[in-house]
Amino acid sequence: MSRIYLDHNATTPPSPAAVDRMSTVLKEEFGNPSSVHHFGQRAKATLDEARSSVAALLGADPSEIVFTGSGTEGDNIAIRGVAEALEVTGRKHLITSSIEHEAVLNTVKALARRGWRTTLLPVDASGIVSPDELQKALADDTALVSIMHANNEIGTIQPIQELARLARERRAIFHTDAVQTAGKIPIDVKALGVDLLSISAHKFYGPKGVGALWIRRGVRLNPALTGGKQERRRRSGTEDVAGIVGMGVAAREAIAKMANEQTRLAALRDKLESLILSRVPGTARNGVPDPRVANTTNISFDRVEAESLLIALDLEGIAVSTGSACSSGTLEPSHVLKAMGLPAHRTQNSIRFSLGAANTDADIERVVAVLPGIVEKLRSLTRSPVGSRQ
């Protein structure tokens, strides 16, 4: 059975070019980039080339790129680093949104337990953070604002340029988690007006275990790790040269393919979405249709448990994900959909479809061919009529 992968927001398959280059580096460029001899300097040159490629993806200067082990680590370095650096100034207020990734939410919660004052900005059913809400929350002691560039569950793109401008007017540092936008839409850190921006390689066809944090020159930030002088003392530890090289290759490929690929994916996404909404009763799209990243749609299926639908689709060879998380055997509602004020049943019966490079029109046709029957079968296992609320 041929399989269809529609979970690219979770991870993407590394590109063949990235894998080939990584393999060569692992075998032939194994030196420590901090070493002064030939082998070390060869590795350093390879590292510098990748740094320039990642910087180009973000419209940044290579000297402002710090390599990390993941998007989560980048978020932590940004938020903890700024908070701790500004603590002595008395600025102990942090602002984020209620729909952030757990890497941001849990970091902010951890700092709250240590005495920082925190504010979670609300969103409405659009899934968009309102600049007015940020302006009301900003205070003289606000140290940092962290708002994601695009949401990982529903794909909505936030008005980062306007939000960053408001933060800058109050002398607050602005961080954005751009894990779901890097390689999908053009990013220019200077045009956005942000101070810090974090990304992860495996979201745009690079390897897992490597990410990057862009830090605007002049931003005060305490390092998360103490050790050597790697990454300009921002992130100590010997760099994963092969992984970083793979990230650099993926960044170059993303720059070259981005415009055409996003147009193609948007057409496939819109076709998938419209056919599901028209052929499957009791369905609804979550979040606004625009602005969204081109590859993502999140759809609620009335009277169908999301986990059951996910498993049924997987048995048909179709990989998707849910907006819910399974923790200790208990189905938890999506915190994103809950924050958007959706009814309780919709926070637990939603499926995220996130498309990628290998998906074709034939994939969409196959999904919409099998999905109505699967949903009808799952609904037949309940006694309530279609359209009722669980």
Side-chain angles (χ1 to χ4, degrees), residues 1-13 125 127 150-156 180 184 260-324 334 336-337 340 342-343 345-382 384-390:
M1 175 176 59
S2 61
R3 292 190 172 274
I4 298 172
Y5 185 72
L6 297 175
D7 197 18
H8 290 82
N9 284 9
T11 195
T12 56
N151 185 264
N152 52 304
E153 291 192 23
I154 58 175
T156 50
Q180 292 295 340
K184 295 179 182 177
N260 291 338
E261 181 65 0
Q262 296 316 301
T263 299
R264 185 184 75 86
L265 288 178
L268 288 179
R269 187 271 316 274
D270 291 347
K271 178 178 181 178
L272 174 66
E273 186 175 271
S274 64
L275 288 176
I276 291 175
L277 296 178
S278 63
R279 295 185 183 182
V280 183
T283 54
R285 179 187 59 239
N286 297 317
V288 292
D290 186 63
R292 274 188 300 174
V293 288
N295 76 317
T296 304
T297 182
N298 187 296
I299 298 177
S300 290
F301 294 81
D302 215 16
R303 284 185 54 238
V304 177
E305 185 184 87
E307 302 294 335
S308 298
L309 182 52
L310 183 154
I311 292 169
L313 284 169
D314 190 48
L315 291 173
E316 292 288 337
I318 300 166
V320 296
S321 63
T322 71
S324 304
S334 161
V336 172
L337 301 184
M340 290 164 60
L342 298 185
H345 72 285
R346 282 181 64 180
T347 67
Q348 293 182 301
N349 67 9
S350 298
I351 292 290
R352 180 186 70 186
F353 302 86
S354 49
L355 287 66
N359 293 134
T360 64
D361 195 69
D363 293 341
I364 304 306
E365 294 290 347
R366 181 175 163 196
V367 172
V368 297
V370 303
L371 186 58
I374 292 173
V375 172
E376 183 179 0
K377 180 178 180 180
L378 291 174
R379 284 174 174 165
S380 71
L381 301 177
T382 68
S384 306
V386 173
S388 68
R389 297 295 183 253
Q390 299 183 53

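Just so we're clear, the structure is a prediction, and the values are computed from it rather than from any experiment.
- Here I4 contributes atom CD1 and I318 contributes atom CD1; the two are 5.0 Å apart, rounded to the nearest 0.5 Å.
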Taking distance alone, no hydrogens or angles, what donor-acceptor pairs closer than 3.5 Å link side-chain atoms of residues 275-284 to residues at least two apart or in another chain?
residue : atom : partner : partner atom : Å
S278    : OG   : S274    : O            : 2.9
S278    : OG   : L275    : O            : 3.2
T283    : OG1  : V280    : O            : 2.9

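- With sequence neighbours excluded, no residue forms a side-chain hydrogen bond (donor to acceptor under 3.5 Å, both in side chains) with T263.
- We find the CG-CD distance between L381 and E305 to be 11.0 Å, quoted to the nearest 0.5 Å.
- Considering only heavy atoms from C-beta on, I154 comes within 4.5 Å of L337 through its side chain.
- In this structure, R269 CZ and L272 CG are separated by 9.5 Å, a value rounded to the nearest 0.5 Å.
- Contacts classified as salt bridge (Lys or Arg N to Asp or Glu O under 4.0 Å) and involving residues 1-13 (residues at least two apart or in different chains) are given here: R3-D314, D7-R352.
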Can I get a per-line list of side-chain donor-acceptor pairs under 3.5 Å for residues 366-373, giving both atom names and the distance, sequence neighbours left out?
residue : atom : partner : partner atom : Å
R366    : NH1  : S2      : O            : 2.7
R366    : NH1  : S2      : OG           : 3.3
R366    : NH2  : S2      : O            : 3.4
R366    : NH2  : E316    : O            : 2.4

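- When all heavy atoms of V293 and A150 are compared, the pair lying nearest together is CG1-CB, 3.9 Å.
- At a threshold of 4.5 Å between non-hydrogen side-chain atoms, the residues H8 and P13 count as touching.
- The side-chain hydrogen bond (donor to acceptor under 3.5 Å, both in side chains) check on N286 picks up N298, S300, R346, S350, with sequence neighbours excluded.
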side-chain contact (heavy atoms from CB on, under 4.5 Å) between H345 and D302, intermediate numbers included | CA-CA 8 Å; H345 72 285; D302 215 16; 3.0 Å; yes
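- For N9, the side-chain hydrogen bond (donor to acceptor under 3.5 Å, both in side chains) partners are K184, N295, T296, not counting sequence neighbours.
- Summarising the geometry, atom CG belonging to L268 is positioned 6.0 Å from atom CG belonging to L355; distances are rounded to the nearest 0.5 Å.
- A donor-acceptor pair under 3.5 Å links the side-chain atoms of T156 to the main chain of G127, judged by distance alone.
- Taking E273 as the reference, R285, R292 meet the salt bridge (charged side-chain N to carboxylate O under 4.0 Å, His left out) condition, with sequence neighbours excluded.
- The main-chain N or O of T360 is found under 3.5 Å from a side-chain atom of D363 such that the two form a donor-acceptor pair.
- Atoms CD1 and CG, on I374 and L313 in that order, are 4.5 Å from each other to the nearest 0.5 Å.
- By the salt bridge (charged side-chain N to carboxylate O under 4.0 Å, His left out) test, K271 is found to be paired with D361, E365, residues two or more places apart in sequence or in another chain being considered.
- A357 meets the side-chain contact (heavy atoms from CB on, under 4.5 Å) test with Y205, E261; sequence neighbours excluded.
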